[in-house]
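In what follows, every heavy atom counts, from backbone to side chain, and hydrogens, waters and symmetry copies are set aside. Starting from 1, each residue takes its place in the sequence as its number.
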Amino acid sequence: METRISVRNLKVSDTTKDHIEKVCAKLGQFYDRIIDCEVVLAKHRLGTRVEFVVKVPQQTLVASAYTQGDNLFKAVAEARERLEKQVKKYHDKVVDHRG
């Protein structure tokens, strides 16, 4: 799975990038046919927004989170939780359809 990180109006450290890559890699636990994972980090006037865009066969899953201030890890954690639910639901749907 390829992981791309896009940053807008924000400086991100290498440790933060490594953390995000680990989060994307961990999604493979829930569904092993993930094609692509793109993460968009954006700094707005009042807070920080994190958006995960995950491509799986025949569908694109999107999860985002917004936090007040500069707590980027909190936004990543919230978006990861939302995305995990979507990936699990998609996996269950595919498995149920096959059987």
Does some side-chain heavy atom of Val76 sit less than 4.5 Å from a side-chain heavy atom of Phe73? no

A side-chain contact here means heavy atoms from C-beta on lying under 4.5 Å apart; do Thr60 and Val54 qualify? no

Atom OG1 in Thr16, atom CD in Glu21: separation rounded to 0.5 Å? 11.0 Å

Is any side-chain heavy atom of Asp92 closer than 4.5 Å to one of Tyr90? no

Side chains of Val62 and Phe52, heavy atoms from C-beta outward: is any pair under 4.5 Å? no

Mind checking the NE2-CD1 spacing from His91 to Ile34? Nearest 0.5 Å is all I need. 10.5 Å

I need the Lys55 NZ to Met1 CE distance, nearest 0.5 Å. 13.5 Å

SB check Lys85 Glu81 (cutoff 4.0 Å): no

Inter-residue atom distance Gln68.CD - Lys74.NZ, 0.5 Å rounding: 9.0 Å

Any donor-acceptor N/O pair, Thr48 side chain to Ala75 backbone, under 3.5 Å: no

Side chain to side chain, Gln59 and Leu61, heavy atoms closer than 4.5 Å: yes

Close side-chain approach of Glu38 to Ser6, heavy-atom, < 4.5 Å: yes

Cluster overlap Val56 with Val87, hydrophobic side-chain contacts below 4.5 Å: yes

Is there a side-chain contact between Pro57 and Ile35 in this structure, where contact means two heavy atoms from C-beta onward sitting under 4.5 Å apart? yes

Any chance NZ of Lys17 has more than 12 other-residue heavy atoms, nucleotides or ligands included, within less than 6.0 Å? no

Test your reading of the model: is there a side-chain donor-acceptor pair from Tyr66 to the backbone of Gly47, 3.5 Å cut-off? yes

What do you reckon, is CG of Asp14 surrounded by more than 12 foreign heavy atoms closer than 6.0 Å? no

Leu10 and Val53: same hydrophobic cluster, using ILVMFWY side-chain contacts below 4.5 Å? no

Residue among Asp36, Leu83, Ile5, Thr3 satisfying side chain to side chain contact (heavy atoms under 4.5 Å, CB included) with Cys24: Thr3

Donor-acceptor pair, side chain of Arg82 and main chain of Ser64, under 3.5 angstrom: yes

Sequence neighbours excluded, the answer for ring-ring contact (aromatic ring centres under 6.0 Å, His included) partners of His44 is none

Beyond-backbone contact of Ile20 with Leu41, side-chain heavy atoms, under 4.5 angstrom: yes

Donor-acceptor check, side chain of Gln86 to backbone of Ala63, threshold 3.5 angstrom: yes or no? no

Separation between NZ of Lys43 and CG of Leu72, rounded to the nearest 0.5 Å: 9.5 Å

